[in-house]
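A note on names: the letters A, B, ... follow the listed sequences, proteins ahead of strands, and every chain is numbered from 1.
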Amino acid sequence: MFIGVDVGGTNTDAVLMDGNQLAGAAKVPTTADVTSGIVGAVTELLGQNPAGQIDAVMVGTTHFTNALLERRELSPTAVLRLCLPATQLLPPLVDWPEELRQAIGGQTYMVGGGNEFDGREISALDREGMREATRDMVRRGFRAVAVCGVFSPVDPRHENEAAAIIQEEVPDLRVFLSHENGRMGLLERENAAALNACLGDVARRTVQGISEALKQLGIDAPLFMSQNDGTLMDTDFAARFPVLTISSGPTNSMRGAAWLSGITDGIVVDVGGTSTDVGALVKGFPRESAVAVHLAGVRTNFRIPDVVSIALGGGTLVTPEPWRIGPESVGYRLTEEALVFGGETLTTTDLAVAGGRAEVGDRNLVNELDRSLVERAVAEIRDRVETAVDRVKLSGEDVPVVLVGGGSILLGNAIAGASRVLRPEHAGVANAIGAAIAQVGGQMERVYSLETGGRAEAIADCSAGAAQRAVAAGADPATAEVVEVEEVPLTYVPSNATLVRVRAVGNLALKLPAT
Amino acid sequence: MWQATEDVLAPIATGAGILGTGGGGNPYIGQLRARQALRRWGPVTVLAPEEVPEDARVVCVGGIGAPTVGIEKVRDLQSYHALRAIEDFTGERATALISNEIGGSNSVEVMIAAARAGLPIVDADGMGRAFPEFQMKTFFVYGVPCCPMAIADEKGNSIIIRETITPAWAERLARAATIQMGCVACYAVAPMSAEQVRTTAVPNTLSLARDLGLAVQRAHDTGGDPLAAILEACPGRRLFSGKVVDLDRRTTGGFARGTVAIDGLDEYAGCRMVIDFQNENLVARVDGKIICTVPDLICAVATDGGEPVTTELMRYGLRVTILGFPAPALWTTPEGLAESGPHHFGYETEYIPLQVEGA
């Protein structure tokens with residue numbers, strides 16, 4: 001049996017899956033420390049449902065996405081590029097939303113270093129410049145630094161050496177190297193490293209909290225975190241690369257929604273407490289983003305589901321003067337702070353109750369609300385969701401829309417562009433179900449010379465490696481299959497060197513191999 | 001005459017990406033670089049070809065290198081450095097600049113140099129699309145000398161190619177220098193006259209790129225079909241729609257070469273399109289039969305949004321639609337085809353013009 005847990009901004013959900021059957025579900029409010037929410041949900045789940053042996057626990061969390069969208073708990077992060085004299089016209093963080101850039105400190109450095117496409121140095125690594133930049137970061141109070149060298153996926157030595165110099169100068173400055181997350185595309189890779197760096201603190205705290213929570217419950221099973229692509233990763237990896245979990249919530253929610261509704265092609269709208277994610281289902285899987293991916297307005301180039309995320313959920317703050325819905329949310333404090341629960345904060349949930357859409361809390365507490373205000377809010381919420389639905393569509397045709405998530409009470413059954421609106425049973429725990437049915441992935445990346453061996457051999461070799469890694473990560477060998485092959489030619493030299501990257505996934509083997 | 005300001009950069013990037021026929025670099029990077037340049041040095045005046053003063057000295061500038069390198073070692077002010085180098089060598093000051101190539105990132109290279117130098121640019125270019133080689137410009141086909149030319153990198157190196165026996169030699173020498181310079185160089189060609197610009201340049205291509213981009217933008221804003229909007233802004237034909245299933249890509253002799261295979265969806269289900277590319281898309285076949293070749297434009301766009309998809313962004317699973325546009329008239333004469341037709345790229349097939357209704 002598996003336990004799937006989803007830590008949302010508002011609720012923590014847990015489900016028990018017995019093979020392909022939903023054997024139980026529990027929902028408790030998310031807590032400030034995250035940990036006690038998980039303890040509460042799993043305790044309630046196991047209290048109500050007799051469980052046999054737990055083979056694995058899978059956790060998906062939207063915590064990092066929310067941190068970015070709300071620009072809170074971000075570590076002050078400097079960005080250092082090894083590039084001079086090249087790439088000066090577009091300095092690091094060049095296209096970030098101004099508020100997010102300010103939130104992480106907005107400090108960037110460019111020093112001599114980096115490589116050419118063929119591995120030559122653009123210039124020697126400017127060690128003295130590195131040391132000066134590092135000292136300046138410390139003076140300015142930075143605690144993390146993202147380092148990105150031009151062509152570091154081809155030759156990571158400058159980045160590695162830069163890390164060593166930084167650690168020598170300031171041992172406790174945390175360093176994130178772009179090649180570790182490494183795809184070609186300087187700005188996008190640099191952005192991903194900066195996002196990993198600024199989320200470092202919140203990621204470590206969250207992952208530690210979850211591990212401790214499970215130990216407290218006496219669950220002796222491997223813990224996995226959900227990744228953006230719907231596969232699982234271990235907790236150490238998740239703490240180093242929080243960006244790889246950043247869209248796991250939407251992925252899990254969409255896969256769970258597909259599983260629950262039986263709809264394999266359509267649109268999933270997942271309304272949480274803090275944000276709403278809208279994405280397209282194609283054959284039961286989230287459609288992956290086609291060209292470039294933006295996280296909180298930051299351009300990256302790793303693959304995530306093509307989801308439009310808006311800062312609107314059941315706990316989103318509404319201010320009448322001046323008129324504003326969000327982006328702040330009371331999140332997990334909804335049941336204390338919202339008017340219908342006797343609190344003093346006006347939230348979208350209060351307006352949904354006042355507008356007759358939902359029945360939660362005490363309706364009498366929102367009787368005094370101005371009707372025009374209520375109508376305006378209900379219309380704006382629907383309008384924002386409809387716009388998002390329209391953005392993820394493949395064509396102008398009406399398609400089924402599946403509503404999931406606790407905040408879906410904000411929405412009625414009339415949504416422009418929907419052929420029908422489904423609210424499947426257990427929709428409130430779609431995220432947790434999606435986490436529990438996630439697969440295990442393995443990725444292999446190697447440089448091959450296509451002159452000496454052929455392309456087919458290179459891909460076959462890399463595919464075998466990826467499948468092996470998926471199996472090592474816990475995939476059933478019989479189900480491990482290649483889902484993605486990517487080739488990046490690296491040089492102009494006659495050997496025709498090409499970077500081949502293959503991703504394989506498989507179902508989690510019921511009995512995990514001994515680790 | 002119009003002003004190229006920050007707000008037209010996004011539409012131009014989209015339109016130039018479409019006209020880039022798969023090559024020409026990453027439009028996002030180019031757009032961002034142009035934005036930085038305009039913010040720093042102010043907007044750029046765009047002159048219609050007929051507005052270019054008789055005594056004008058017009059320098060063609062452009063990028064030379066590999067798109068796969070350009071997304072990593074992002075270009076700086078190489079085009080400005082090349083402009084200054086050719087001015088120093090010829091002893092003539094430029095009074096206006098013209099783009100080498102409207103397709104892809106190159107469409108903004110001229111804008112960056114113009115913003116930095118405070119010069120106007122001409123609404124025209126030497127290709128009306130994108131092509132992989134320096135000498136493949138309508139200017140040179142119709143008698144404008146390609147030398148002397150200057151090539152500059154981002155490090156402070158510049159060289160002059162004083163004279164070559166053919167434009168192809170200029171390409172060969174420039175390419176060799178570019179590879180040594182790290183594959184993101186820029187060049188500037190000795191000044192042209194107003195008359196030469198008017199008779200040998202593909203006219204009004206910067207406004208065409210802008211209008212294509214605005215059409216896609218408007219379709220997004222109004223919920224319209226972006227593919228239909230593109231075809232309305234520039235007469236052409238939908239050739240194929242499907243999902244990328246295979247990509248064979250290698251960098252040889254300085255070019256990204258390869259093929260992309262697309263399995264048809266919807267009305268194209270059961271068919272497979274294979275596109276050969278050399279930086280740009282050269283030949284499109286459906287089930288083995290050639291349906292479109294250079295110099296006609298073979299353009300891949302995202303099926304859902306209409307955004308251009310360059311060859312380096314092609315990957316397994318992508319949903320793309322392939323659009324075809326007829327080549328500019330300067331390319332379809334015998335002299336034009338000799339430089340840009342299928343034979344030039346080693347194909348035995350003859351050029352058969354793409355038939356487009358209403359074009």
Which residues satisfy the side-chain hydrogen bond (donor to acceptor under 3.5 Å, both in side chains) test with B/R33, sequence neighbours excluded?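 Testing B/R33 for side-chain hydrogen bond (donor to acceptor under 3.5 Å, both in side chains), a comparison that skips the adjacent residues, returns B/E109.
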
With rounding to the nearest 0.5 angstrom, report the [atom1] to [atom2] distance, [X] to [Y].
X      : Y      : atom1 : atom2 : value
A/L84  : B/K155 : CG    : NZ    : 12.0 Å
B/D246 : A/R455 : CG    : CZ    : 4.5 Å
B/Q31  : A/D95  : CD    : CG    : 8.0 Å
A/R189 : B/E72  : CZ    : CD    : 4.0 Å

Under 4.5 Å from any heavy atom of chain A, what part of B/D248 do you find: side chain, backbone, both or neither? both

Please identify which of these residues, A/N115, A/L186, A/I122, meets the side chain to side chain contact (heavy atoms under 4.5 Å, CB included) condition with B/K73.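 Answer to the side chain to side chain contact (heavy atoms under 4.5 Å, CB included) test with B/K73 among A/N115, A/L186, A/I122: A/I122.
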
Does A/E188 reach the side chain of B/I71, with side-chain heavy atoms less than 4.5 Å apart?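 A side-chain contact under 4.5 Å is absent here.
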
Report yes if some heavy atom in the side chain of B/Q180 is under 4.5 Å from a heavy atom in the side chain of A/R120; otherwise report no.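 Result yes, sub-4.5 Å side-chain heavy-atom pair found.
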
Can you tell which part of A/S123 gets under 4.5 Å to a heavy atom of chain B, answering side chain, backbone, both or neither? neither

On a heavy-atom basis, which atom in B/I29 and which in A/L90 lie closest, and how many Å separate them?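 Result for this residue pair: O-CD1, 4.1 Å.
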
Might you point out which heavy atoms bring B/V69 and A/F117 nearest each other, and give the distance in Å? CG2-CB, 3.6 Å

Please identify each residue that fulfils salt bridge (Lys or Arg N to Asp or Glu O under 4.0 Å) with A/D126, with sequence neighbours left out. none

